[in-house]
Amino acid sequence: MSTPGASTGAADQAGASTGAADQWPLWEVFVRAGRGLSHVHVGSLHAPDAELAVRNARDLYTRRGEGVSIWVVPADAVTTSDPDAKGAFFESPAGKNYRHAVYYTKSEGVKHL
Amino acid sequence: MTRPTPDAHGEVSVDRLALAEELAGTGSASGPGEGARIAPPETAEYALRLGDDALVLAQRLGDWITRAPELEEDVALGNIALDLIGHARSLLHYAGSATGRSEDELAYWRDEPEWRNAWLFEQPNGDFACTIARQLLASCYWFELNTALSASTDPILAAVGAKAVKEVDYHRDHAAQWTLRLAGGTEESRRRMIQGVADVWPYLDELFEDDELVTRLAADGVAVLPSSLRAGTEAAIAQVFAEAELEPPAGRTAFTASGGGRRGKHTEHLGPLLAELQVLARQHPGASW
């Protein structure tokens, strides 16, 4: 999030290298909003290491009381599905209603189903 | 200076009422049926000292926004500055109650000799390491101060202390984390960290100076005796230094600044800081935005 190549007096003073190669690594941030809920991906940030990533996440994503727990994960540890293979990956369930368990009647007294 | 349309920033709206609710020690905390508490004159002077410390450092930290090593650190320092403005608002609001002045009047319309902050807080930011060194000293001191202040016999000061101590705990952690990384990073970062500590160290001593006013207030359990905070503050700093393999300056680089901020005597750095803080309010009195 620094400006690559821009070398201002202030940045030099700060002892910061603003070259892209020296930029802090990227982290993905997950925040749990409350007890009983799961951690949800909220965004990403740069930090020099995991401990500071948690602290940066606290400042960037929970300063208005959004969370009770934070996870950070190195962005390069996340393996993603191929966006170009969306068809092969995600369209196959179409027209296969039998995969949805909609033919059962719910037993009495069962909540949250 | 025109007021923006009500929904220009979504749900964010800050009006006078909402601002008043943020003040520690007012509202529900002060008990049912209790009117706004007026500070006794000496307590007001004490609150002014503590409030000026927080406001001056908040103004200094604001300078880092867009200039920190990374955007994330802009936000971290900005957040800390906002916490400190919160403390300053509560304290100056209370201090002003003794003389019928608002927190804004105290912030914008006092000249240099009327400010009561200690010298540490008005020192220039220097480089990032110097700012972190100042943060470490300031937040270790404030943690001890606010812990003790939360037991004050004055209900407003006790409420401010109780609220501030949790925030300052985080500030202390932030400063400690960066002290460790800078001291244990590269040769250059370590050199800067050592220099930063040497630059701010002379101003630590003033924080622990007692005078007649604070001694009288402390006897009544209103104020915290500054000298009583020395051991805890220095122990907390020493703990970080031990892990970072740093040492307090000794020999040629060690000296103690004379201080005098509590009496309105300041270093040459406060004037320009106040000029920037106050110029808008003074050029456009009563402006709102």
Side-chain angles (χ1 to χ4, degrees), chain A residues 1-33 41-76 78, chain B residues 10-12 14 22 61 63-83 86 124-133 166-167 169-196 199 243:
Chain A
M1 297 197 184
S2 63
T3 323
S7 180
T8 64
D12 289 341
Q13 263 184 23
S17 174
T18 49
D22 295 333
Q23 196 172 39
W24 290 345
L26 192 66
W27 302 77
E28 299 298 333
V29 182
F30 299 79
V31 172
R32 188 170 69 169
H41 185 239
V42 292
S44 51
L45 54 76
H46 291 100
D49 55 51
E51 282 179 304
L52 286 180
V54 171
R55 287 165 177 82
N56 287 348
R58 176 255 191 204
D59 285 335
L60 285 166
Y61 294 110
T62 66
R63 56 186 294 251
R64 297 181 186 88
E66 292 94 335
V68 296
S69 168
I70 297 172
W71 287 348
V72 292
V73 177
D76 58 14
V78 176
Chain B
E11 290 179 12
V12 180
V14 180
E22 287 175 5
L61 289 178
D63 262 0
W64 275 107
I65 292 170
T66 74
R67 296 191 180 101
E70 290 268 350
L71 183 140
E72 283 79 356
E73 203 47 41
D74 282 353
V75 177
L77 291 170
N79 263 332
I80 290 171
L82 284 174
D83 285 346
N125 282 335
D127 61 13
F128 185 65
C130 180
T131 289
I132 291 300
K166 281 176 274 180
E167 298 173 350
D169 195 13
Y170 180 76
H171 304 172
R172 202 172 58 152
D173 174 69
H174 174 267
Q177 292 295 332
W178 271 115
T179 302
L180 293 177
R181 279 160 181 78
L182 292 169
T186 64
E187 207 176 298
E188 175 66 1
S189 74
R190 182 167 177 83
R191 183 189 69 75
R192 287 180 184 240
M193 192 67 231
I194 290 169
Q195 185 60 51
D199 287 346
E243 208 180 327

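Quick note on labels: first sequence line is chain A, next is B, and so on, each numbered from 1.
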| query | Looking at CD of B/E72 and CG of A/L52, how far apart are the two atoms once the value is rounded to the nearest 0.5 Å? | reply |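 Those atoms lie 11.0 Å apart.
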| query | Does CD belonging to A/E66 count more than 12 external heavy atoms closer than 6.0 Å? | reply |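 Counting other residues, nucleotides and ligands, CD of A/E66 exceeds 12 neighbours.
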| Are B/E70 and A/N56 close enough, and set up right, to give a side-chain contact (heavy atoms from CB on, under 4.5 Å), and what steps lead you there? | CA-CA 11 Å; B/E70 290 268 350; A/N56 287 348; over 6 Å; no
| query | Is chain B contacted by the side chain of A/R63, its backbone, both, or neither, given a heavy-atom distance below 4.5 Å? | reply |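 For A/R63, the contact with chain B is made by the side chain alone.
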| So which part of B/L82 gets closer than 4.5 Å to some heavy atom of chain A, the side chain, the backbone, both or neither? | side chain
| said: On a heavy-atom basis, which atom in B/Y170 and which in A/R55 lie closest, and how many Å separate them? | reply: OH-O, 3.3 Å
| task | Quick one: closest heavy-atom pair of A/D59 and B/V75, and the distance? | result |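 Smallest interatomic distance, heavy atoms only, reads O-CG1, 3.9 Å.
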| message | Tell me every residue that passes salt bridge (Lys or Arg N to Asp or Glu O under 4.0 Å) with B/E188, counting only those two or more places apart in sequence or in another chain. | response |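 B/E188 satisfies salt bridge (Lys or Arg N to Asp or Glu O under 4.0 Å) with B/R191, B/R192 only.
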